Structure formats: structure tokens, C-alpha cells
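Worksheet for the structure shown next.
Just so it is clear: chains get the letters A, B, ... in the order the sequence lines come, proteins before strands, and each one is counted from 1. Being a predicted model, the structure only gives us computed values, none of them experimental. Hydrogens, waters and symmetry mates play no part in the numbers below; they use all other heavy atoms, side chains included.
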4 protein chains.
Amino acid sequence: MNIHSLSRDKKLKVTKRSNNDKYNRILEAAVKVFSTLGFFQSTVSQIAKEAGVADGTIYLYFKNKEDILGNVFSYKTKQVFDQFREEVNKAERAKDKLLSLIKRHLEEFERDKNLANLYLVETYQKVRTAEDQIKEMSKMYLDIISEIVKLGQNEGTIRTDLDITLVKRFIIGAVHEVIFTWVRSANDYRLSFVAEELVELIIKGIGTCDKRKK
Amino acid sequence: MNIHSLSRDKKLKVTKRSNNDKYNRILEAAVKVFSTLGFFQSTVSQIAKEAGVADGTIYLYFKNKEDILGNVFSYKTKQVFDQFREEVNKAERAKDKLLSLIKRHLEEFERDKNLANLYLVETYQKVRTAEDQIKEMSKMYLDIISEIVKLGQNEGTIRTDLDITLVKRFIIGAVHEVIFTWVRSANDYRLSFVAEELVELIIKGIGTCDKRKK
Amino acid sequence: MNIHSLSRDKKLKVTKRSNNDKYNRILEAAVKVFSTLGFFQSTVSQIAKEAGVADGTIYLYFKNKEDILGNVFSYKTKQVFDQFREEVNKAERAKDKLLSLIKRHLEEFERDKNLANLYLVETYQKVRTAEDQIKEMSKMYLDIISEIVKLGQNEGTIRTDLDITLVKRFIIGAVHEVIFTWVRSANDYRLSFVAEELVELIIKGIGTCDKRKK
Amino acid sequence: MNIHSLSRDKKLKVTKRSNNDKYNRILEAAVKVFSTLGFFQSTVSQIAKEAGVADGTIYLYFKNKEDILGNVFSYKTKQVFDQFREEVNKAERAKDKLLSLIKRHLEEFERDKNLANLYLVETYQKVRTAEDQIKEMSKMYLDIISEIVKLGQNEGTIRTDLDITLVKRFIIGAVHEVIFTWVRSANDYRLSFVAEELVELIIKGIGTCDKRKK
DNA sequence: GATGAATGAGCGTTCATTCAT
DNA sequence: GATGAATGAACGCTCATTCAT
């Protein structure tokens with residue numbers, strides 16, 4: 001269980017339960033603050049206040065401001081992503097696996113809107129530490145999709161004339177945008193309820209039956 | 001043809017030919033710098049240096065740092081988006097219109113990678129000025145998609161059992177992600193060449209023919 | 001006893017003994033720098049250096065540059081003015097009260113030449129924060145004079161055919177100018193020693209006994 | 001007739017009537033702007049706009065910003081002060097001379113409120129160029145008072161037991177404060193009408209007849 | 001002479017980070 | 001470990017002054 005892997009290099013300063021609690025409070029606060037203001041407009045002081053600790057305390061648990069963001073991704077967000085694989089394994093058929101993946105994805109992000117927002121915002125940002133973490137998670141996600149697509153092709157349920165790379169972007173893009181819209185909206189609908197229709201769109205497309213006669 | 005509409009309110013200090021050139025040089029420099037570092041990590045000084053002008057000169061053309069970004073969108077990016085509608089009008093059938101739209105979109109962003117990057121980065125950012133501009137452009141884009149979908153439904157080429165809002169997100173998300181991947185890649189392939197396959201995916205989905213028997 | 005009342009609104013960040021010292025050091029430094037260069041030509045850096053603190057430290061105790069000046073008046077200068085009333089109360093007769101007031105005024109300003117200078121300079125300046133503070137103190141001073149004059153009129157020692165407003169200006173103007181001259185001079189004489197002669201001038205005027213025969 | 005004596009050192013750039021007009025327009029504009037905002041908060045651009053000339057034009061007539069202020073005093077304000085002596089000469093007796101002086105002083109400053117304000121503000125400021133000019137004018141004024149007092153002493157109308165330096169400050173301070181009050185008020189009364197009562201105060205003081213029995 | 005666009009030094013202010021307590 | 005006052009580098013922005021036209 002890797003806790004603050006980034007700040008570890010220097011000294012493993014924090015090990016006790018009670019401190020772990022403080023570590024988590026800071027992380028939670030950071031998610032909230034970062035997601036509201038964005039990384040650059042957020043202040044270490046704000047995070048400290050939100051977490052109920054002194055400014056200086058932050059630096060006992062994190063190397064610097066960037067490291068906080070890094071830990072949010074390597075620890076908090078990663079937890080979420082790690083579950084995706086398990087979830088996918090439970091299903092048998094490609095389509096069901098895809099549905100499981102997306103549904104779980106939407107459910108998790110629905111559960112923590114701040115984290116969802118932060119993930120999206122920072123995905124497109126230029127903060128070195130976070131970038132690497134995100135790339136890693138993104139890659140994991142894309143790999144799962146790859147496997148599902150290949151499985152579907154073997155099943156005969158997914159077309160074989162596809163550029164896998166494109167398909168991956170096609171799916172992940174649609175999912176991201178659906179989440180993004182929800183995050184920036186009034187949230188008066190259940191994000192996860194969209195999963196089925198979205199998967200259907202991905203599988204069938206928007207065209208009608210007779211489209212291939214064209 | 002309205003140039004630098006945002007900075008005009010206060011005093012239209014600079015209007016002569018030669019100056020328009022300087023206005024554009026700053027804008028171009030800003031696209032480059034902002035897209036490389038992001039808005040908050042970019043420095044007015046960097047933009048000035050990149051544009052080959054003094055720091056103070058920036059403020060003859062723009063109200064402040066945010067205004068530069070605002071102008072990039074209201075002037076430079078908007079130009080691009082304005083062409084989309086024309087392009088779409090040229091085609092007759094829904095599918096062709098969609099192809100035109102996306103192809104043109106990819107072509108334009110391929111032409112100016114920095115602008116493409118900046119657009120994506122700032123779409124997910126929290127910079128007030130830019131946010132409003134982007135929402136406006138985004139809305140225009142979504143409206144075009146709406147029209148295309150409705151046309152297709154009338155033609156009988158697009159399914160009528162669709163949640164239009166979801167479809168719009170589905171399409172725009174896929175396009176964005178494809179562009180994003182290209183921007184962050186080595187760019188050793190032609191972005192616009194992906195258009196046809198992407199549109200096919202959107203229309204037909206990833207499933208095989210017999211999928212509806214399921 | 002309210003210390004630094006102005007900067008308190010936001011956050012009372014600093015309250016401990018040791019810090020109060022720093023607050024006062026900055027205030028003292030500000031009086032010196034402001035009085036030497038005037039508000040606008042003074043630099044926050046100069047004040048910081050004079051106080052022996054870092055630039056940023058200033059902002060732990062004051063909201064901004066103007067707030068420093070505001071505090072000089074609301075705290076430091078006000079202390080001085082507050083004593084005037086007490087002093088006046090000790091005397092019985094109008095003339096003695098006037099002498100007490102002016103003597104104390106000169107003594108206090110003689111004690112801190114920088115503060116005296118600053119008060120005079122900023123009285124005629126346009127710095128919002130200071131303006132209000134000064135008006136308040138000025139009003140208090142004028143009120144005291146009013147009371148003294150009325151008392152004298154009841155005693156029969158002060159003429160009743162006077163425009164009180166004019167009298168107030170007449171007195172305060174004379175006092176200010178006397179102080180101003182001393183401040184800008186080599187200070188080789190005792191300012192407070194002038195008090196008696198000045199009061200005599202105010203009471204008797206410059207004319208000779210037989211003047212009213214004219 | 002010394003025009004812009006300060007900027008003359010470099011090159012006597014301006015000599016034609018038409019330019020003299022421009023010189024005056026700038027001076028007039030400067031009085032207005034400086035008196036409203038104070039020297040340091042005024043902008044050369046503001047003065048140029050107020051005068052209806054280009055920013056650069058200012059520097060054809062004045063060496064720099066300070067020089068504008070210097071010229072306001074050496075040329076415009078000096079004109080006013082020069083008349084005082086003539087005015088005083090017309091009267092015979094000391095008291096009448098004093099009345100003439102103060103009345104004319106109030107009349108002139110009443111005529112140009114901006115100039116009055118500027119004079120007072122800058123008297124207490126630290127702008128080198130202006131300081132010297134003002135000292136010069138101030139000295140002239142004080143000399144006139146000296147002469148009047150001595151004359152009065154010879155006439156037997158003014159007390160001989162006076163410290164002349166103090167008397168001068170006593171008079172000039174009262175006059176300044178009366179003007180200052182008017183400048184900062186709504187100006188709904190005639191400043192010059194105060195002259196007689198003020199002179200009476202200076203001569204007789206605020207005490208009653210029987211005061212010397214005390 | 002007149003213009004006003006261009007310059008860049010200089011200042012107020014913020015905030016990540018440190019360190020004495 | 002925890003604190004939060006202190007630090008000072010860095011940045012956005014202003015404006016007096018210059019100079020090509």
C-alpha cells in the first residue's frame with residue numbers, strides 16, 4: 001500500500017495511524033480545493049485551512065504543492081481506477097464488460113464530484129507530476145478497453161476492421177465528455193444512469209439499420 | 001471585420017496597419033506560450049519576448065493578461081469556428097455534413113497545433129474570460145450537431161430513439177479526444193486523415209452487423 | 001486599548017507580544033519613511049528595510065500600503081490627539097485651557113518630529129484612508145476649540161461677536177504653521193516654548209491697546 | 001517676462017505666439033489635474049489630454065513632469081503673488097495694507113480654486129522643484145508682512161513686544177487655513193468676504209477689551 | 001513642431017516554502 | 001510532530017520618457 005510515494009524519497013516521516021489520518025485529511029482537502037479553483041489558483045494555505053492543519057504541517061506529509069496533486073492521483077484516484085479491472089473481470093461477454101467498466105466509471109465519479117472534476121481538469125493541464133500519474137492511469141484504462149475490444153472481435157460481436165487506437169480514443173472521449181458535462185451542470189440527473197445508453201451508442205452508433213446499404 | 005473586439009471598449013488606441021500587425025504578433029505569441037505552459041504558468045514577459053515587443057507594449061493592445069487569452073478565443077479561435085457552419089452548409093446529406101464538420105475541425109486544428117492545444121487545455125480550465133468564450137463556441141458547435149442529427153432523422157439515416165444531448169456529447173467527446181491524442185503525440189500522422197474512420201465509428205458504432213439480433 | 005484596529009477586520013493573524021513589537025516597528029518605520037519622502041514617493045520596501053523585516057512581512061500586519069498610513073493615524077497619531085482632551089480638562093478658565101491645548105500639542109509634536117511632519121503633509125494630501133482619519137482628528141480638535149471659545153464667552157473673556165467657524169480656523173491655522181515652520185527648520189529652538197506667546201497673540205491680537213479708537 | 005524658465009536651460013524650443021498658447025494650455029491643464037489628484041497621482045497623459053495635445057508635446061515645452069509643476073509656480077502662481085506688493089503699496093496705514101494684502105490674496109485664490117488648492121497641497125509636499133519656488137514666494141509674502149508690521153509699529157498701531165517671525169507665521173497660517181477650509185468645502189460662500197473679519201481677528205485677537213486687566 | 005506608439009524600470013503584492021519554538 | 005510567522009523571489013501592471021514618422 002503505497003502512501004505518498006513521492007514524498008518518500010526524502011524521509012519517511014509519517015507512519016502512525018493518527019498521522020495517516022492527517023495525511024488523508026490533507027488529501028481530501030486538496031481534492032476539494034484543487035477541483036474548485038484549479039491547481040494554480042489554489043493556495044497551500046487554503047488546503048491547510050480546509051484540512052484543519054497548519055500550513056507548515058503540509059510539508060511534513062508532502063514535498064511541495066505539486067507533490068500534493070501527485071499524491072491525489074497516485075493514491076486517491078488510483079484507488080478508483082484499480083477497481084475498474086476487478087469490475088470488468090466479473091463480466092463474461094465484451095459488451096457486458098464494456099458496460100461494467102463505464103458504469104463503474106460513472107458511478108465512482110458520481111460519488112465524488114470534486115475528484116471527477118479534478119481528474120478532468122488536470123488531464124488537460126501541464127503539471128508535470130500529475131501528468132505522469134494521469135498518463136499511467138489512462139494507459140491502464142486504455143489497456144482494459146483494448147482487451148475488451150479484442151475479446152469482442154473473437155466473440156464476433158465487435159468489428160474487426162477497426163483501428164484499435166482510434167476506438168480507444170473514441171470510447172474514452174465520449175465517456176470523459178459525458179462526465180464533464182455532468183460536472184459542470186446542476187447535477188440534477190444521475191450520471192451513472194447514462195451508462196447503458198452510452199454503451200449502446202458506442203456499439204451501434206447513431207445510424208439506422210439500413211445504413212450499410214448506403 | 002472586427003479586430004480585437006475585447007480591448008476596444010476602453011480606448012481604441014491602436015488601429016493603424018502597422019499596429020494591427022503587432023496586435024497579431026502578440027496574439028500569435030500568446031497562443032504559443034499559453035499552449036506550451038498553460039495560462040497560469042505563462043508570463044506576460046514571455047509573451048512579450050516571444051512577440052518581440054516590450055512588456056509594456058502588451059498593455060497597449062490588451063487590458064491585462066486575461067484579456068490576451070480572451071482575445072485569442074474571441075478573435076483567433078472564433079475565426080476557425082465560424083468557418084465550420086459554412087462548411088457544413090455545402091453538404092446535402094446528414095452523414096456528409098457530419099463528415100464535413102469533423103474533417104474541417106481536424107484540418108483546422110492540425111494547421112495550428114498550438115491553437116488546438118490551447119483550446120483543449122482552456123476548455124477544462126477555470127479562467128473566467130476564456131470560459132465564457134469557449135462556452136459560446138462550444139454551444140455553436142453543439143447546435144450544428146443538433147441540426148445534423150435532426151436532418152438525419154428526417155432522412156431516415158439516423159436513429160430517432162436517441163437522447164440528443166447525449167449524442168452531442170458523444171460526438172464532441174470523441175472528436176476532442178482524438179485531437180488531444182494527436183496534440184500530445186509526436187504528430188507523425190495526419191490528424192485530418194482520421195476523420196472518415198471516426199465518422200464511420202460514430203454512425204455505425206463498433207458492433208458488428210448481427211449485433212441487433214442479440 | 002485597541003491596537004491596529006484597521007487591519008483587524010480580515011484576519012487577526014498576529015497578536016502575540018513579540019509580534020506586536022513587529023507591528024510597532026513597522027509603524028515607526030513608516031512614520032519615518034513617509035514623513036521623509038511623502039506617501040507616494042515612499043516604497044513598501046523602504047519601510048520594510050527600515051523596520052528590519054522582509055517585504056512580505058509588512059502584509060502580515062497591514063492590508064496594503066495605504067493601510068499602513070491609515071494605521072499610523074488611527075493608532076499612533078490618535079493616541080496623541082486623545083490626550084489633548086484630558087489636558088484641557090485640567091484647566092479651569094478658557095485662556096488656560098487654550099494654553100494647555102496648544103502647549104500640549106506643540107510638546108507632543110516636538111517629541112516626534114517625523115510624526116508631526118507626516119501629519120502636516122498628509123493633512124493636505126489626497127490619500128483616502130488618511131483623509132478620513134485626519135478629518136476625524138481635526139474635528140475633535142475643532143470641537144475642543146469650540147468649547148473653549150464658548151466657555152470664554154460665558155466667562156466674559158472672549159468676544160461674543162465672532163464667527164466661531166472662522167475663529168477655529170484662525171487658531172488651528174496659526175498652530176499648524178508654527179509647527180510646520182519648526183519642522184522644516186533646523187529645529188534649533190524649542191517648539192513648545194512658543195506656546196505662550198502664540199496664545200497671547202490669539203487672545204490679544206497684534207494691535208495696540210488704543211486700536212479700538214480707530 | 002520669463003516663460004518656462006526651468007526648461008530653458010536645454011534649448012529655447014518655443015518662441016512663437018501660437019506655441020506660447022500651447023504652453024499656457026498645458027500649464028492650465030496641469031493646474032487642474034494636479035489640484036484634483038495631487039502631483040504624484042496625476043499622469044502626464046492626463047495633463048496632455050486635458051490640454052488637448054499629444055503626450056510627447058508636453059516634452060517640447062517642459063523638461064519633465066516636475067518641471068511642469070515648477071512652471072506652474074514660477075509662472076502662473078508667481079503672477080498672482082507679484083500683484084500683492086502693488087496692492088499693498090496703494091494703502092497708507094498698516095492695517096489697511098494688511099487688509100489689502102489678505103483681501104487680494106483671498107480674491108485671487110477665490111478666482112482660481114484649482115490653483116489655490118494646488119498651492120496649498122504642494123506647500124506641504126516634497127517635490128523639490130516646487131518646494132524651492134514656493135519657498136521663494138512664501139518669503140516674498142512674509143517680507144511684505146514684515147514691512148507692514150514694522151510700519152504699524154512706527155505708527156503705534158501694532159504692538160512692539162512681538163517676535164516678528166512668530167507674527168508672520170501667525171498671520172500666514174490663519175490665512176492658509178481659511179483658504180484651505182474654503183477649498184475643501186462646498187464653496188457656497190464668498191471666500192474674499194471673510195477678509196475683514198479675519199484681519200480684525202489678527203489685530204484685536206479673540207479676547208475682550210478688559211482682557212489686559214487680567 | 002507635433003504626434004503617440006513603444007519602451008522598460010520600478011513598485012505593490014502574493015504565496016510556496018522554511019524554521020524557530 | 002505541529003505550528004504559523006517570516007521570508008523573498010517572482011509577477012502583473014503603470015507610466016514617465018523617448019523617438020521614428
G-U wobble or Watson-Crick pairing nucleotide for dT21(E) (cut-off 3.5 Å, both distances)
dA2(F)
Check the phosphate of dC13(F) against Lys65(B), side-chain N and O only, distance under 4.0 Å to OP1 or OP2. Yes or no?
no
Report all interatomic pairs (protein N or O, nucleotide N or O of nucleotides 19-21 of chain E) with separations under 3.5 Å.
none

In whole Å, what is the span from the NZ atom of Lys49(B) to the P atom of dT7(E)?
14 Å
dG1(F) phosphate, OP1 or OP2: any side-chain N/O from Tyr61(A) under 4.0 angstrom?
no
Does Ser45(D) make a side-chain N or O approach to OP1 or OP2 of dC15(F) shorter than 4.0 Å?
no
Which distance, rounded to the nearest 0.5 Å, do you find between the CD1 of Ile134(B) and the OG1 of Thr77(B)?
7.5 Å
Picking from dA6(F), dG12(F), dT13(E), the nucleotide nearest the side-chain atoms of Thr57(C) would be dA6(F)
Rounded to the Å, how far apart are Leu37(C) CG and dG12(E) P?
11 Å
Of the listed nucleotides dT7(E), dC13(F), dA6(E), the one nearest the side chain of Val53(B):
dT7(E)
Rounded distance in Å - OH (Tyr23(B)) to P (dA5(E)):
16 Å
Let me know the distance between CD1 of Ile58(A) and C1' of dG4(F), rounded to the nearest Å.
12 Å
Would you mind telling me which residue lines up with the more 5' stretch of DNA chain F, Glu66(B) or Phe39(D), judged by nearest nucleotide?
Glu66(B)
Could you check whether atom NZ of Lys126(A) has more than 12 heavy atoms from other residues, nucleotides or ligands sitting under 6.0 Å from it?
yes
Could you work out which one of dA2(F), dT13(E), dG12(F) sits closest to the side chain of Lys22(A)?
dA2(F)
Just how far, in rounded Å, is C1' of dT17(F) from CG of Asp55(D)?
10 Å
Whether Glu50(B) and Arg25(B) form a salt bridge (side-chain N of Lys/Arg under 4.0 Å from carboxylate O of Asp/Glu) is what I want to check.
no
Sole candidate of Glu122(B), Lys65(B), Glu66(B) that passes side chain to side chain donor-acceptor pair (under 3.5 Å) when paired with Thr129(B):
Glu66(B)
Which one is paired to dG8(F), where only Watson-Crick or G-U wobble pairs with both distances under 3.5 angstrom count?
dC15(E)
Nearest to the side chain of Ala54(C), heavy atoms from C-beta on, is which of dT7(F), dT3(F), dT17(E)?
dT7(F)
Okay, side chain of Gln41(C), backbone of Gly38(C): is any donor-acceptor separation there less than 3.5 Å?
no
Between atom CZ in Phe40(B) and atom P in dG12(F), what is the gap in whole Å?
11 Å
Could you check how far CG of Asn64(C) sits from P of dT14(E), rounded to whole Å?
8 Å
Quickly work out the Lys63(D) NZ to dT17(F) P distance and round it to whole Å.
10 Å
What about Phe40(A) and Phe39(B), are their ring centers closer than 6.0 Å?
no
Nearest-0.5 Å distance, OG of residue Ser45(D) to CD1 of residue Ile58(D):
8.5 Å
Just call it for Thr43(A): base, sugar-phosphate, or nothing, with non-hydrogen atoms closer than 4.0 Å on any strand.
sugar-phosphate
With rounding to the nearest 0.5 angstrom, report the CD to NZ distance, Glu131(A) to Lys135(A).
5.0 Å
